[in-house]
There are 2 protein chains.
Amino acid sequence: MNFQPYTREAVADLLRGHDITPTHQRIEIAFVLFEKREHLCADQIFALVNARHAETSKATVYNTLKLFLDKRLVRELIVDPSKVFYDPNTTPHHHFYDVDSGELTDIPADSVRVEGLPALPPGVVAEGVDVIVRTRRAS
Amino acid sequence: MNFQPYTREAVADLLRGHDITPTHQRIEIAFVLFEKREHLCADQIFALVNARHAETSKATVYNTLKLFLDKRLVRELIVDPSKVFYDPNTTPHHHFYDVDSGELTDIPADSVRVEGLPALPPGVVAEGVDVIVRTRRAS
DNA sequence: CCGGTGAGTTAGACAAAGTCCAATTCTTGT
DNA sequence: ACAAGAATTGGACTTTGTCTAACTCACCGG
């Protein structure tokens, strides 16, 4: 996903293109994700969506994120021991993770090569290869 | 950590070697970790340690794991969205993660090469590079 | 229009992992 | 053996996420 939909209509089209019925709540959630193209967790998304008027419940935020994940509209980043981050960038790329601040930064995939991975057992497919470089302030 | 300490005395020595005062509870926890050389989460460790006689509290298990982590006796694996796994193997290696079963398998590091990572900003050091290959049953 | 149907949403109770604290118990150095 | 500091403890608490049963909404046929 590398174009940026600016209007709710564009977001609605994006959802339709992924087989997702565009509802008010889903549009708002997707809008927030694609507006700030950042790594957000469910909590932050919940807060951002409801910033003006409370309109979307916690349950819907979780339901919707799971749906988006399933439909490959976003990616899940499991990197922080206490919460999952959602990444609106589904093209292959990797991450720096600052252990001190919890901050996540993208590493473009084109420069990085991972070689020598062993073959997978039969009947099993790779869903993706995540490279996470954990960093911290020099001591 | 690639030798396997079989006795509590050997475990105690291992702890001392890492600047950890060996207490009963810490020895039991380390013993469990190094006996089964598996990826265990706090819950499982708590259960294993208390399997015979309840002797170690939940708080101590968490305290101790954090201490072990700090002293580089174990490694933390953040791969499952709901819990942290602890890996008694601190030598460089990577992991397969089966999304369906939650199972973790080691990938020896010597075969794998990660190339082309961008330089780190000044004042920041890499703590480690984790490669996680997410797999699932072919559909 | 209007009422029915099924998908989507909701509040709030619940569950699981992990943290925190003040009181107690252990380890260690002398 | 003892004092002092370190480690441990139960239990309450927090946070992230799940579940459910009721409700709402968009849409379709008549």
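Keep in mind it's a predicted model, so treat the numbers as computed, not measured. Lettering follows sequence order; numbering is per chain, from 1. Heavy atoms only: backbone and side chains are in, while hydrogens, waters and symmetry mates are out.
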Just to be sure I understand the geometry, which residues of residues 26-33 of chain B put a non-hydrogen atom under 4.0 Å away from DNA chain D? R26(B)
Side-chain donor-acceptor pair under 3.5 Å between [X] and [Y], yes or no?
X	Y	value
H95(B)	D130(B)	no
H39(A)	D106(A)	yes
D110(A)	H93(A)	no

Can the positive tip of R75(A) be found less than 6.0 Å from the middle of the six-membered ring of Y86(A), inside 45° of the ring normal? no
Answer yes or no: does a side-chain N or O of T60(B) lie under 4.0 Å from OP1 or OP2 of dT8(D)? no
Counting N and O atoms only, with roles assigned by atom type, does the side chain of [X] sit under 3.5 Å from a partner on the main chain of [Y], one being a donor and the other an acceptor?
X	Y	result
T64(A)	T60(A)	yes
N50(A)	F46(A)	yes
D87(A)	V74(A)	no
E28(A)	Q25(A)	no
Q44(B)	C41(B)	yes

Whole angstrom value for the distance that separates [atom2] of [N] from [atom1] of [X]:
X	N	atom1	atom2	answer
E55(B)	dT25(C)	CD	C1'	15 Å
D80(B)	dG18(C)	CG	C1'	14 Å
D70(B)	dA6(D)	CG	P	15 Å
N63(B)	dT24(C)	CG	C1'	15 Å
L67(B)	dG18(C)	CG	P	17 Å
I45(A)	dT16(D)	CD1	C1'	13 Å
E76(A)	dT16(D)	CD	P	16 Å
F46(A)	dT15(D)	CZ	C1'	14 Å

If Ile, Leu, Val, Met, Phe, Trp and Tyr residues are connected whenever their side-chain heavy atoms lie under 4.5 Å apart, and connections chain through other members, are V79(A) and I107(A) in the same group? no
Side-chain touch H94(A)/V133(A), heavy atoms, less than 4.5 angstrom: no
Find every protein N or O atom lying less than 3.5 Å from an N or O atom of nucleotides 12-17 of chain C, and list the pairs.
from	atom 1	to	atom 2	distance (Å)
dA17(C)	OP2	D43(B)	OD2	3.3

If you restrict it to nitrogen or oxygen atoms, what contacts under 3.5 Å exist between nucleotides 27-30 of chain C and the protein, and what is each distance?
from	atom 1	to	atom 2	distance (Å)
dT27(C)	OP1	H24(B)	NE2	3.2

